[in-house]
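Being a predicted model, the structure only gives us computed values, none of them experimental. Worth knowing before you read on, the calculation uses all heavy atoms, side chains too, and leaves out hydrogens, waters and symmetry mates. The residues of the chain are indexed from 1 along the displayed sequence.
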Amino acid sequence: ATKDAHIEELRRECVQALATGEHETLARQQVEQAYAMLAARVRELADSESTAIRSAQKERDDALREAGRHDEERSRLQARVAEESHAAADRAARDARTIADLRATVAALEADLRRAQSQLQAAAREREA
């Protein structure tokens, strides 16, 4: 801002020197000095802009890398959840088969028990008769 103010001051002096008809050499020197300062300021601003662009690009690249890491982690977690879900489904199917087998065994044992009770009652009736 100070450099810009100084450039503006030189510009005003140049305009005043030309308006008042001061010596042409003085006006030319002031114009050349103002032009040199202005050129330097333009270079500074361009450098500053380039630095800002590089910084923004680096931030963007860093954010993309970080997002990529998050995507990889999310993918790993999704794969793990899918594996665990599949394993749980396998366990549930195995448990369902085991339960069905146990129910069939219980039903067979109950049938055997009923036959045995029936045979015992038949034997008891024969003894009484």
Could you pull out every donor-acceptor pair under 3.5 Å between side chains of residues 121-129 and any protein atom, sequence neighbours left out?
none

Which residues satisfy the side-chain hydrogen bond (donor to acceptor under 3.5 Å, both in side chains) test with [X], sequence neighbours excluded?
X	value
T51	R54
E110	none
R65	D62

Spacing of [atom1] belonging to [X] relative to [atom2] belonging to [Y], to within rounding of 0.5 Å:
X	Y	atom1	atom2	value
R60	I53	CZ	CD1	11.5 Å
D61	K58	CG	NZ	8.5 Å
S75	H70	OG	NE2	13.0 Å
Q119	D112	CD	CG	9.5 Å

Name the atoms and distances for all side-chain donor-acceptor pairs under 3.5 Å in residues 76-98, with sequence neighbours left out.
unit_1, atom_1, unit_2, atom_2, d
R76, NE, E73, OE1, 3.4
R76, NH2, E73, OE1, 2.6
R80, NE, E84, OE2, 3.1
T98, OG1, R94, O, 3.0

Ion pair check, R69 and E66, cut-off under 4.0 Å: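 Salt bridge present between R69 and E66.
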In chain order, what residues pass the salt bridge (charged side-chain N to carboxylate O under 4.0 Å, His left out) check against R103, with sequence neighbours excluded?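 Partners of R103 under the salt bridge (charged side-chain N to carboxylate O under 4.0 Å, His left out) test: none.
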